[in-house]
Asks: 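Encoded as structure tokens, here's the structure I'll be asking about.
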Amino acid sequence: RGRDEPATVRVYTVCDESKYLIVRNVPSLGCGDELGTLFSSYGPLEECKPMDAEDCEEYTDVFFIKFSQLSNAR
């Protein structure tokens with residue numbers, strides 16, 4: 001590479017390389033099963049569980065969703 005040539009830059013984002021999703025502001029009405037059903041329409045899920053340690057607003061939940069394939073999470 002010469003001095004005048006621009007450097008090659010490769011950008012990776014979480015969306016490009018992760019099969020995990022964090023869904024915030026889900027109403028605290030016990031709708032985790034429904035959320036799993038909705039997201040499974042994009043592909044099979046390995047996990048769909050609430051994240052109890054995560055800070056969130058009152059009366060809302062945060063869910064951790066893990067797809068079995070990277071392409072489904074995209």
Asks: Could you go through Tyr42 and Phe67, starting from their C-alpha distance and side-chain angles, then the distance that decides it, and tell me whether this counts as ring-ring contact (aromatic ring centres under 6.0 Å, His included)?
Replies: CA-CA 9 Å; Tyr42 294 100; Phe67 284 93; 7.1 Å; no
Asks: Checking Asp52 now: which residues fulfil side chain to side chain contact (heavy atoms under 4.5 Å, CB included) with it, not counting sequence neighbours?
Replies: Pro50
Asks: Test of understanding: with side chain to side chain contact (heavy atoms under 4.5 Å, CB included), list the residues that count as partners of Glu58, not counting sequence neighbours.
Replies: none
Asks: If I compare all heavy atoms of Gly43 with all of Asn72, which pair ends up nearest, and what's the gap?
Replies: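 Shortest heavy-atom separation between Gly43 and Asn72 comes out as CA-ND2, 3.5 Å.
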Asks: Carefully, step by step, assess Leu21 and Phe64 under the rule side-chain contact (heavy atoms from CB on, under 4.5 Å).
Replies: CA-CA 6 Å; Leu21 294 177; Phe64 170 81; over 6 Å; no
Asks: Could I get the full list of side chain to side chain contact (heavy atoms under 4.5 Å, CB included) partners for Thr60, not counting sequence neighbours?
Replies: Asn25, Cys56, Glu57
Asks: Which residue pairs pass the salt bridge (charged side-chain N to carboxylate O under 4.0 Å, His left out) test with at least one member in residues 26-47, sequence neighbours excluded?
Replies: Lys19-Glu46, Glu46-Lys66, Glu47-Lys49
Asks: Do Ile65 and Val62 sit in one hydrophobic cluster, given that two such residues count as connected whenever their side-chain heavy atoms are within less than 4.5 Å of each other, even indirectly?
Replies: no
Asks: From Leu45 CG over to Ser68 OG, what is the distance, rounded to the nearest 0.5 angstrom?
Replies: 7.5 Å
Asks: Closest heavy-atom contact between Ser18 and Ala73?
Replies: O-CB, 3.7 Å
Asks: Taking side chain to side chain donor-acceptor pair (under 3.5 Å) as the test, write out the residues that go with Thr37, two or more places apart.
Replies: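 Not a single residue meets the side chain to side chain donor-acceptor pair (under 3.5 Å) criterion with Thr37.
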Asks: In chain order, what residues pass the side chain to side chain contact (heavy atoms under 4.5 Å, CB included) check against Leu38, with sequence neighbours excluded?
Replies: none
Asks: For residues Val26 and Cys31, report the shortest heavy-atom separation together with the two atoms involved.
Replies: CG1-SG, 3.8 Å
Asks: Is Tyr59 close to Leu29 at the side-chain level, that is, under 4.5 Å between some pair of heavy atoms?
Replies: no
